[in-house]
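Contents: one structure, followed by commentary.
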Amino acid sequence: MDSRKIIELVKQLREETGAGVMECKKALERSGGDLAKAKKEIEKMGFAKAAKKANRETSQGYVATYTHSNGKTGVIVEILSESDFVAKNEQFRLFTKNLCLQI
């Protein structure tokens, strides 16, 4: 298979799956250039990654609260993370606060 064809297949696979370039390339190599098989390969890789991360402890986090102006409605949201580095990040805290406003 020529390099242009590979590039096009990688591009198409990325658009359809959202996977990274190298993951798409490896999946296409393993599947012999078959796009459908490569999609299944990427799905398997995604499940394997998720399974590895499933048992990680999320002991850090941030709690945000919101009380509506009527004084009758309130929300408490706790979002957990794996590290205090993330939990102390201003964007993480802003996300938690914005989530309160949406509930």
Side-chain angles (χ1 to χ4, degrees):
M1 195 176 331
D2 69 30
S3 61
R4 288 183 202 164
K5 180 70 173 171
I6 292 170
I7 291 170
E8 286 301 315
L9 285 173
V10 168
K11 183 179 177 184
Q12 184 178 352
L13 192 56
R14 279 197 71 192
E15 289 173 358
E16 293 179 13
T17 64
V21 173
M22 292 308 295
E23 289 175 324
C24 290
K25 187 173 184 259
K26 288 177 186 176
L28 283 166
E29 287 172 355
R30 289 186 195 131
S31 68
D34 185 329
L35 200 57
K37 287 181 182 177
K39 283 183 191 178
K40 289 180 182 177
E41 185 73 29
I42 287 176
E43 187 177 298
K44 287 179 192 174
M45 291 169 25
F47 283 123
K49 283 183 181 180
K52 285 181 185 177
K53 294 180 180 184
N55 294 327
R56 289 185 180 179
E57 185 177 336
T58 53
S59 61
Q60 302 297 314
Y62 184 70
V63 176
T65 61
Y66 169 75
T67 305
H68 192 60
S69 61
N70 68 8
K72 295 180 180 181
T73 306
V75 177
I76 300 174
V77 172
E78 178 184 35
I79 304 290
L80 299 174
S81 67
E82 294 177 5
S83 68
D84 65 335
F85 175 76
V86 172
K88 292 178 181 178
N89 182 300
E90 189 59 37
Q91 289 179 331
F92 184 81
R93 291 176 179 228
L94 183 60
F95 166 75
T96 308
K97 194 166 193 86
N98 286 334
L99 187 59
C100 275
L101 296 173
Q102 297 302 316
I103 292 178

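Keep in mind it's a predicted model, so treat the numbers as computed, not measured.
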Between A87 and Q60, what is the shortest heavy-atom contact and its length? CB-CB, 4.2 Å
Hey, quick one: are I6 and V21 part of the same hydrophobic cluster, counting side-chain heavy atoms closer than 4.5 Å, chains of contacts allowed? yes
From CD1 (I79) to OG1 (T58), nearest 0.5 Å: 10.5 Å
Cluster question for you: counting only ILVMFWY and a side-chain heavy-atom cut-off of under 4.5 Å, with indirect links fine, are Y62 and I103 together? yes
Rounded distance [0.5 Å steps], CG in D34 versus NZ in K39: 10.0 Å
Spacing of CD1 belonging to I76 relative to OG1 belonging to T67, to within rounding of 0.5 Å: 8.5 Å
CD/E23 to CE/M45 distance, rounded to the nearest 0.5 angstrom? 4.0 Å
Is the backbone N or O of E41 less than 3.5 Å from a side-chain atom of R30, with the two atoms forming a donor-acceptor pair by type? no
Picking from V10, T17, L9, what satisfies side-chain contact (heavy atoms from CB on, under 4.5 Å) with L13? T17
Indicate yes or no: does E29 engage K25 in a salt bridge with an N to O separation below 4.0 Å. yes
Can you hop from F95 to V75 via hydrophobic side chains spaced under 4.5 Å? yes
Can you confirm whether more than 12 heavy atoms, excluding those of L94, are under 6.0 Å from its CG atom? yes
Could you measure the distance from the CG atom of N98 to the CD atom of Q91? Nearest 0.5 Å is fine. 11.5 Å
Point-to-point distance, once rounded to the nearest 0.5 Å, from NZ of K26 to CD1 of I42: 11.5 Å
Distance-only donor-acceptor check, side chains E8 and Q12, under 3.5 Å: no
Which is it for L28 and L35 under the side-chain contact (heavy atoms from CB on, under 4.5 Å) test, yes or no, and what are the steps along the way? CA-CA 7 Å; L28 283 166; L35 200 57; 4.3 Å; yes
Heavy-atom pair with the smallest gap, counting every atom of A64 and C100: O-SG, 3.3 Å
Non-hydrogen atoms of C24 and R14 that approach each other most closely: SG-CG, 3.4 Å
